[in-house]
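Down below is the structure, laid out as C-alpha cells.
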Amino acid sequence: MLPITIFRTDPDLVEKRLADKGETSAIAPLLELDQQIRQLTTELNNMRAERNSTSEEIARLKRAQADAGDMITSMRRLSERIKGEEGRLAELQTRLKAALELIPNLPHASVPVGKDEKDNVVVRHWGPAPDFDFKLENHLDLGTKLGLFDFDRGSKIAGSGFPLYTGLGARLERGLINFMLDFHVERGFTEIFPPFMTRYESSLTTGQLPKFAEDMYRTEPDELYLIPTAEVPVTNIHRDEILDEGELPRFYTAYSACFRREAGSYGKDTRGFLRLHQFNKVELVKFVRPDDSYDELETLTAQAEAILQTLGLHYRVLELCSGDLSFAAAKCYDLEIWAPGEEKWLEVSSCSNFESFQARRGNIRYRREADKKVDFLHTLNGSGVATPRLLVALLETYQTPDGTVRLPEVLVPYVGQKELK
RNA sequence: GGAGAGGUGGCCGAGCUGGCUGAAGGCGCUCGCCUGCUAAGUGAGUAAGGGGUGUUGAGCCCCUUCCAGGGUUCGAAUCCCUGCCUCUCCGCCA
C-alpha cells in the first residue's frame, strides 16, 4: 500500500511511475476522494469539538444540580447531524482504502523502464553452459524411465498440475528441500515451518489479495487461502508488531508447498514440471531497516545464487524492467537456470525488495534507536529456490549417455547415493 | 461438535453502579539527581493517527482511536445487539 501523501505531493510523478509499471488507472479520482475526506473531516472536527465542550458544560451543570434542558435539546440536533456526516465520511474512507489496496508498488528509480519480459536486462551469467557430446533427453523422458515421477497417476489423484513423485524421485525432492534449508540455516537464516493456509488479512499483507484472488485456492466453509508461497505466512510473522531497531535485520527461511491456480495460463507450459498447481519451494524472507534494504536485496540474491552455484548449474540473473515487476515489488532480480534438454532458461527464483509496501499493508513496524519513533520497516524475499524447475535442470544437466543421472557432490548425502539409475 | 472466559497504551493490568479517565497502578524506556562502580533509591517525562495554523519539521489549536460494526444517550472503555479473534475445559482425532 502506498501512502496517500505521496499522491498529494507529487501526483504527476506517481502517475508516471505507475504507468511505467503498466498500471493505467488514473489517480485523479483518488485525489478527489482524498480532498473530500479532508474537507469533511474538518467540518466534522468542528462539530465534534462543539459537542465535546457542550457535553462538559452539561456535566458541570448536572453536578451543580442546575437545569440543562435547553442545551440537551440543541445537542440532540447536532448529534443527529454528526451521525449523518460520520456515515458519509466512513463510506468515503472505505472507498479510498479499497482503491489504494489495488494500486501496485512504485518501481525503484534504478529499475529499467520497459513493457514486458522482453525488456528485462541480463545482469550476469554464472558458469559455462554445459557441453554434451551425445544426444540429450528432456527431463520428462529421463525421469519417467528412471521412475522418479508419475504424472498420469498424479492427474488421476488430483488433476493435472499435481505431480506425484515416486521412489528415488520422492527421495530426491525431499533431499533437495533439506539441502537448501540446511544451506540457508548455516548462513544465518532462522528456519520456519509455517502454516500452509492463511486468513484473508495475511494474504492482503503480501499483496495477493484482494487483486489476485482468482489465482488462489480458497477453502469454502472456513475462508482460508492456500499459500502460493511461504512468503505469505512468513512475512506475516511480524504483522501488527513493532520490532526494536536492534532486532533488525531478521532473516527467515521456510520450506512450504505452494499452491497456485494459474488461472489464465491454461495451455502454457502444460508439460511436466514447468508450471504446476502444487510445488515445493524454500523461501527466504528478510525484515530490515529501510536504509539497508537495497544492500540486502543484493545479498539476498547472492544467497539464492549460492544454491545454484553449489549445485553447479549454469544460470543467469535478470533485472526485471518496470513493466514485468510484480504487484508488490519495487525492484526484483530473477534467477534463471539453463535446462539443456529443453533448451530453455527456467525461472527458479525472484528476489524482490518491497520497501515498505507490504509493511504498510501488514502494519509491520520498528522503533528507531535514534529518535524512538515508530516507522515501517522494509521487507524482502526471494526463492532459495523452487524445486520443480531445479529438478528439470539437474536431470538434464547431469544426465549421462546411458540414461542415468549423476548427482552433484553436495546432494549425495541427502539422497544416499551418487547417481540416479 | 459441546460449555465457559476474555479482547484496554511498548508490555502487564485496573476501570465496566455512563460525565475532569486518553485512560489508575506496575514494568520497560528517556533525561536528571544520588552512588567510587554496579545494584538499589529518587525527580520528571514517556501512545498512535489525522486535520487546521504557523510554516517547514519549534510550537499552538482541534479531532479520532480502550477488537470491529451497529444501537441506546445531550454524552459510552463503561449499557444493548451482531461479527471477528484469542484462551480454558470436555468430546473427537494425527
Side-chain angles (χ1 to χ4, degrees), chain A residues 1-10 30-98 100-101 193 195-205 209-210 218-225 233 236-248 250 257 287 356 359-377:
Chain A
M1 188 126 67
L2 297 170
I4 185 67
T5 46
I6 71 163
F7 291 85
R8 279 183 214 151
T9 41
D10 205 342
L30 284 186
L31 289 171
E32 170 66 27
L33 254 181
D34 178 53
Q35 183 55 42
Q36 285 180 35
I37 285 171
R38 279 191 296 163
Q39 196 189 327
L40 191 53
T41 301
T42 304
E43 289 169 20
L44 253 175
N45 273 353
N46 294 335
M47 286 192 273
R48 282 164 167 164
E50 191 186 338
R51 180 181 65 186
N52 288 346
S53 62
T54 311
S55 282
E56 274 175 45
E57 185 59 30
I58 290 171
R60 216 174 349 244
L61 289 173
K62 290 249 175 180
R63 264 195 301 274
Q65 312 279 319
D67 176 60
D70 290 351
M71 277 186 172
I72 289 176
T73 37
S74 75
M75 276 303 96
R76 201 169 284 160
R77 259 196 310 276
L78 181 63
S79 278
E80 281 306 309
R81 273 181 58 208
I82 290 176
K83 198 165 291 180
E85 297 299 280
E86 280 176 339
R88 257 183 69 206
L89 180 64
E91 201 252 314
L92 293 176
Q93 283 169 334
T94 306
R95 271 166 54 196
L96 181 62
K97 182 161 168 281
L100 283 175
E101 282 174 354
F193 202 120
F196 288 3
M197 297 189 216
T198 64
R199 352 175 112 111
Y200 181 92
E201 309 87 85
S202 295
S203 294
L204 178 86
T205 300
L209 294 177
R218 174 172 165 269
T219 64
E220 193 41 72
D222 300 306
E223 196 170 341
L224 289 169
Y225 295 82
N236 279 280
I237 287 175
H238 296 301
R239 174 154 53 86
D240 291 320
E241 288 185 19
I242 299 174
L243 304 175
D244 286 330
E245 184 170 350
E247 297 179 84
L248 299 179
R250 296 183 82 106
F287 296 82
S356 61
R360 282 175 202 282
R361 295 180 150 239
N363 195 30
I364 310 169
R365 297 173 292 172
Y366 78 109
R367 189 177 295 281
R368 275 196 297 264
E369 240 141 53
D371 58 6
K372 303 292 169 196
K373 288 289 185 188
V374 173
D375 196 7
F376 295 107
L377 47 72

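Below, read A as the first sequence line, B as the second, and so on, with proteins coming before strands; counting in each chain starts at 1.
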Value in whole Å for how far the [atom2] atom of [N] lies from [atom1] of [X]:
X: A:R60; N: B:rG19; atom1: CZ; atom2: P; result: 15 Å
X: A:R51; N: B:rU73; atom1: CZ; atom2: P; result: 14 Å
X: A:E56; N: B:rC62; atom1: CD; atom2: P; result: 10 Å
X: A:E50; N: B:rG52; atom1: CD; atom2: P; result: 20 Å
X: A:L243; N: B:rG28; atom1: CG; atom2: P; result: 21 Å
X: A:R368; N: B:rA48; atom1: CZ; atom2: P; result: 12 Å
X: A:R239; N: B:rC85; atom1: CZ; atom2: C1'; result: 11 Å
X: A:R360; N: B:rA48; atom1: CZ; atom2: C1'; result: 15 Å

Tell me which nucleotide, if any, is Watson-Crick or G-U wobble paired with [N] when both distances must be under 3.5 Å.
N: B:rC92; result: none
N: B:rA47; result: B:rU65
N: B:rC11; result: B:rG26
N: B:rG41; result: B:rC33
N: B:rG6; result: B:rC85
N: B:rU55; result: none
N: B:rC20; result: none

| request: Walk me through it: do A:E101 and A:K97 pass the test salt bridge (Lys or Arg N to Asp or Glu O under 4.0 Å)? | output: CA-CA 6 Å; A:E101 282 174 354; A:K97 182 161 168 281; 3.3 Å; yes
To check you understand the geometry: which heavy-atom pair defines the closest contact between [X] and [Y], and what is its length?
X: A:D34; Y: A:R8; answer: OD2-NE, 2.6 Å
X: A:I58; Y: A:M75; answer: CD1-CG, 4.3 Å
X: A:T54; Y: A:E50; answer: OG1-O, 2.7 Å

Looking at [N], I'd like to know if its phosphate oxygens (OP1 or OP2) sit under 4.0 Å from a side-chain N or O belonging to [X].
X: A:R8; N: B:rG51; value: yes
X: A:N52; N: B:rC63; value: yes
X: A:N45; N: B:rC61; value: no

Are any non-hydrogen side-chain atoms of [X] and [Y] less than 4.5 angstrom apart?
X: A:L377; Y: A:L248; value: yes
X: A:R51; Y: A:R81; value: no
X: A:F376; Y: A:N363; value: yes
X: A:D375; Y: A:Y366; value: yes

In [range], what residues come within less than 4.0 Å of RNA chain B, judged by heavy atoms?
range: residues 32-42 of chain A; result: A:R38, A:T42
range: residues 90-98 of chain A; result: none
range: residues 76-89 of chain A; result: A:R76, A:S79, A:K83

| said: Counting only heavy atoms from other residues, nucleotides and ligands, does the tally under 6.0 Å from CZ of A:R88 exceed 12? | reply: no
[N] to [M] separation - [atom1] atoms, rounded to the nearest Å:
N: B:rA24; M: B:rG9; atom1: C1'; value: 13 Å
N: B:rA77; M: B:rC20; atom1: P; value: 10 Å
N: B:rU72; M: B:rG18; atom1: C1'; value: 11 Å
N: B:rC63; M: B:rU8; atom1: P; value: 26 Å
N: B:rG6; M: B:rA14; atom1: C1'; value: 15 Å
N: B:rC11; M: B:rU17; atom1: C1'; value: 31 Å
N: B:rG2; M: B:rA76; atom1: C1'; value: 34 Å
N: B:rG10; M: B:rA48; atom1: P; value: 8 Å

Is the backbone of [Y] close enough, under 3.5 Å, to the side chain of [X] for a donor and an acceptor to pair up by distance?
X: A:S202; Y: A:P233; answer: no
X: A:R239; Y: A:G362; answer: no
X: A:T73; Y: A:D70; answer: yes

Need one value for [X]: base, sugar-phosphate or nothing, where a base atom within 4.0 Å counts as base even if backbone is also close, heavy atoms only.
X: A:I242; value: sugar-phosphate
X: A:N46; value: nothing
X: A:R367; value: sugar-phosphate

| Between B:rU64, B:rG75, B:rC62, which one does the side chain of A:A49 approach most closely? | B:rC62
| request: Consider the side chain of A:A59, meaning its heavy atoms from C-beta on, and name the nucleotide among B:rC74, B:rG19, B:rU64 that approaches it most closely. | output: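 Closest nucleotide among those given: B:rG19.
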| said: Just verifying a value: how many Å separate A:T205 OG1 and A:E201 CD, rounded to the nearest 0.5 Å? | reply: 8.0 Å
| After noting the C-alpha distance and the side-chain angles of A:I72 and A:R76, does the key distance pass the side chain to side chain contact (heavy atoms under 4.5 Å, CB included) rule? | CA-CA 6 Å; A:I72 289 176; A:R76 201 169 284 160; 3.8 Å; yes
| query | Closer to the 5' end of RNA chain B via nearest nucleotide, is it A:V374 or A:M75? | reply | A:V374
| query | Starting at the 5' end of RNA chain B, which residue's closest nucleotide do you reach first, A:S53 or A:T73? | reply |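 The 5'-side residue here is A:S53.
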| task | Please name the residue in the list A:R199, A:R361, A:M1 that meets the side-chain contact (heavy atoms from CB on, under 4.5 Å) test with A:L204. | result |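 One option only clears the test, and that one is A:R361.
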